[in-house]
Asks: 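My questions will all concern the structure given below.
Here the structure is a predicted model, which means the values were calculated and not measured.
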Amino acid sequence: MSYPAPFFAALHRGTAGDLDHYVRVCQGAGSVLELGCGYGRVVTALAAPGRVVVGVERDPQLLAMARQAVQALPKAHQAGVSLCEGDMRTVSLHRGFDRVLIPFGGLYCLLTDDDVDAALANAVRHLAPGGQVALDVYRADAFHRESEPDDVPDDAHEPLCRVEVDGVDYEVLERSTWDKPRQRIDVSYLYVDDHGRAVEGTIAQRYLLEPQLRAALSRAGLRIVELTDRFDPDRPERDSDGSDDALMVVRAEREVGR
């Protein structure tokens with residue numbers, strides 16, 4: 001990821017409802033591993049007295065922010081949390097966890113089938129007996145089926161929102177490029193302050209269609225326990241207009257005999 005960490009953290013604050021979801025998923029879990037923990041948003045939400053929480057992140061700037069976030073927790077919550085620099089495809093922690101998480105579309109930052117397979121296989125290697133893998137990604141099936149690259153303007157940045165970074169106010173502009181055959185979307189964010197100074201960050205993503213996600217989980221030796229389109233179990237499954245919802249929220253466990 002080519003993206004200054006403080007600017008990434010100021011804009012990318014998760015998906016509505018995801019923290020509550022992962023708190024529910026981890027109820028009763030004595031140990032949790034988050035692959036791709038970023039600046040510590042989920043790790044700190046899951047920290048609790050008596051629970052082991054490990055976060056793995058390959059970007060050293062984001063990892064430094066995560067360490068600061070953990071240090072801000074009450075001492076009793078800090079005690080079980082550890083963070084390490086590593087790649088979700090290859091990191092080896094030599095222990096199992098009750099839950100292994102890949103939140104906030106982290107799986108889409110892996111740009112080939114081999115990378116996805118390596119990350120999911122590594123998640124399985126870190127599962128304790130009876131443990132579960134939990135992840136969420138955005139659902140692209142309808143978008144991929146119904147849209148064409150010409151429908152996604154890529155010739156200019158479009159205004160998105162305003163954020164504050166280190167006490168400075170920035171307007172954020174967004175531009176996306178889409179390679180439909182490769183299922184690749186690169187999103188560029190341009191942060192411009194009131195003096196015209198600009199900072200840019202880019203996120204490269206390769207989305208999966210639902211059949212591809214199901215196949216990847218199966219190749220890793222995972223059986224889907226739940227695949228839903230929402231974090232909140234009390235929200236209706238479909239929007240009122242009947243359109244596809246925007247998420248695939250997954251819980252899976254190791255297949256018997258794998």
Asks: Does the pair L107 and L213 meet the rule for a side chain to side chain contact (heavy atoms under 4.5 Å, CB included), with working shown?
Replies: CA-CA 10 Å; L107 204 65; L213 178 60; 3.8 Å; yes
Asks: Return the minimal non-hydrogen interatomic distance between A220 and A121, and the atom names on each side.
Replies: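 Minimum heavy-atom separation between A220 and A121: CB-N, 4.0 Å.
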Asks: Per the ring-ring contact (aromatic ring centres under 6.0 Å, His included) rule, what does the pair list look like for residues 93-119, sequence neighbours excluded?
Replies: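 Sorted pair list: Y108-Y138.
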Asks: Below 4.0 angstrom, N of the basic side chain to O of the carboxylate: do D87 and R89 qualify?
Replies: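 Yes, this pair counts.
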Asks: Could you grab the distance from atom CD of E171 to atom CG of L160, nearest 0.5 Å is fine?
Replies: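 It comes to 9.5 Å.
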Asks: Would you please test L222 and L127 for side chain to side chain contact (heavy atoms under 4.5 Å, CB included) and show each step?
Replies: CA-CA 11 Å; L222 287 165; L127 276 181; 4.2 Å; yes
Asks: Does E164 have any side chain to side chain donor-acceptor pair (under 3.5 Å) partners at least two apart in sequence or in another chain, and if so, which?
Replies: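 Listed in chain order: nothing, the list is empty.
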Asks: Holding to side-chain contact (heavy atoms from CB on, under 4.5 Å), I want the full list of residues that pass it with R223, two or more places apart in sequence or in another chain.
Replies: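 R223 satisfies side-chain contact (heavy atoms from CB on, under 4.5 Å) with V225, E253, E255 once adjacent residues are dropped.
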Asks: Using the test salt bridge (charged side-chain N to carboxylate O under 4.0 Å, His left out), find all partners of R125 that sit at least two apart in sequence or belong to another chain.
Replies: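 Checked R125 against salt bridge (charged side-chain N to carboxylate O under 4.0 Å, His left out); zero matches.
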Asks: At their closest point, which heavy atom of S31 faces which heavy atom of R95, and how far apart are they?
Replies: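 Where S31 meets R95 most closely, the heavy atoms are CB-NH2, 3.4 Å.
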Asks: For residues 206-215, pull every pair meeting side-chain hydrogen bond (donor to acceptor under 3.5 Å, both in side chains), keeping only residues two or more places apart or in separate chains.
Replies: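 Matches after skipping sequence neighbours: D113-R206, R139-E210, H144-Y207, W178-Y207, Q183-Q212, E210-R214.
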Asks: So which pairs with a foot in residues 67-86 pass side-chain hydrogen bond (donor to acceptor under 3.5 Å, both in side chains), sequence neighbours left out?
Replies: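 As it turns out, there is no side-chain hydrogen bond (donor to acceptor under 3.5 Å, both in side chains) pair with a partner in residues 67-86 once direct neighbours are skipped.
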Asks: What ring-ring contact (aromatic ring centres under 6.0 Å, His included) pairs are there with at least one residue in residues 155-175, not counting sequence neighbours?
Replies: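 Counting only pairs at least two positions apart or across chains, the ring-ring contact (aromatic ring centres under 6.0 Å, His included) contacts touching residues 155-175 are F7-Y170.
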Asks: Go through the structure and list residues passing side chain to side chain donor-acceptor pair (under 3.5 Å) with D194, not counting sequence neighbours.
Replies: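 Counting only residues at least two positions away or on another chain, D194 forms a side chain to side chain donor-acceptor pair (under 3.5 Å) with R162.
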Asks: Would you indicate whether the side-chain heavy atoms of L227 and M248 approach each other to under 4.5 Å?
Replies: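 Yes, at least one pair of side-chain atoms sits under 4.5 Å.
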Asks: Identify the heavy atoms of G55 and V43 that sit nearest to each other, and give their distance.
Replies: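 Where G55 meets V43 most closely, the heavy atoms are CA-CG2, 4.0 Å.
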Asks: Looking at every heavy atom in both D169 and V163, which two are closest together, and how far apart are they?
Replies: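 So the minimum-distance heavy-atom pair works out to OD1-O, 3.4 Å.
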Asks: Which value, rounded to the nearest 0.5 Å, describes the distance between L11 atom CG and I203 atom CD1?
Replies: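 Here the interatomic distance stands at 8.0 Å.
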Asks: Nearest heavy-atom pair of A47 and V81: which atoms, and what distance?
Replies: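 Closest approach of A47 to V81, heavy atoms only: CB-CG2, 3.6 Å.
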Asks: First locate atom CG of L33, then atom CG of L46, and finally report the distance between them rounded to the nearest 0.5 Å.
Replies: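 Result: 11.5 Å between the selected atoms.
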Asks: So does T202 get a backbone contact from the side chain of D186, meaning a donor-acceptor N/O pair under 3.5 Å?
Replies: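 Such a contact is absent between D186 side chain and T202 backbone.
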Asks: State which residues pass side chain to side chain donor-acceptor pair (under 3.5 Å) with S92; sequence neighbours excluded, sorted by chain then number.
Replies: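 Applying side chain to side chain donor-acceptor pair (under 3.5 Å) to S92 gives none.
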Asks: Give the C-alpha distance, both sets of side-chain angles, the deciding distance and a yes or no for side chain to side chain contact (heavy atoms under 4.5 Å, CB included) between R175 and L190.
Replies: CA-CA 8 Å; R175 179 171 65 88; L190 190 66; over 6 Å; no
Asks: Could you go through the side chain to side chain contact (heavy atoms under 4.5 Å, CB included) check for M88 and N122 one step at a time?
Replies: CA-CA 7 Å; M88 71 172 71; N122 203 26; 5.8 Å; no
Asks: Taking side chain as C-beta onward, heavy atoms only, is V53 less than 4.5 Å from V70?
Replies: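 No, too far: nothing below the 4.5 Å cut-off.
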Asks: Using the rule that Ile, Leu, Val, Met, Phe, Trp and Tyr join whenever any side-chain heavy atoms are under 4.5 Å apart, tell me whether L111 and I102 fall into a single cluster.
Replies: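 No, because L111 and I102 fall into different hydrophobic clusters, even though each may have its own neighbours under 4.5 Å.
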Asks: Taking only residues two or more places apart in sequence or in another chain, which ones pass side-chain contact (heavy atoms from CB on, under 4.5 Å) with T112?
Replies: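 So T112 forms a side-chain contact (heavy atoms from CB on, under 4.5 Å) with D114, D115.
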Asks: May I have all residue pairs that pass side-chain hydrogen bond (donor to acceptor under 3.5 Å, both in side chains) and include part of residues 6-26, sequence neighbours excluded?
Replies: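 For residues 6-26, and leaving out neighbouring residues, the side-chain hydrogen bond (donor to acceptor under 3.5 Å, both in side chains) pairs sorted by first residue read Y3-H12, R13-Y39, D18-R41, Y22-D136.
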Asks: Hey, are the side chains of L101 and C26 touching, using non-hydrogen atoms and a 4.5 Å cut-off?
Replies: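 Of all side-chain heavy-atom pairs linking C26 with L101, at least one is under 4.5 Å.
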Asks: Out of curiosity, E57 CD to L35 CG, how far, rounded to the nearest 0.5 Å?
Replies: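 If we round to the nearest 0.5 Å, E57:CD and L35:CG are 10.5 Å apart.
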Asks: Using every non-hydrogen atom in the two residues, find where C37 and L63 come nearest and quote the distance to one decimal.
Replies: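 Looking at all heavy atoms of both residues, the shortest contact is SG-CD1, 4.5 Å.
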Asks: For A5, give me all partners under side-chain contact (heavy atoms from CB on, under 4.5 Å), at least two apart in sequence or on another chain.
Replies: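 Only Q61, L62, M65 meet the side-chain contact (heavy atoms from CB on, under 4.5 Å) criterion with A5.
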Asks: Do P181 and D179 make a side-chain contact, defined as non-hydrogen atoms from C-beta onward lying under 4.5 Å apart?
Replies: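 Yes, side chains in contact.
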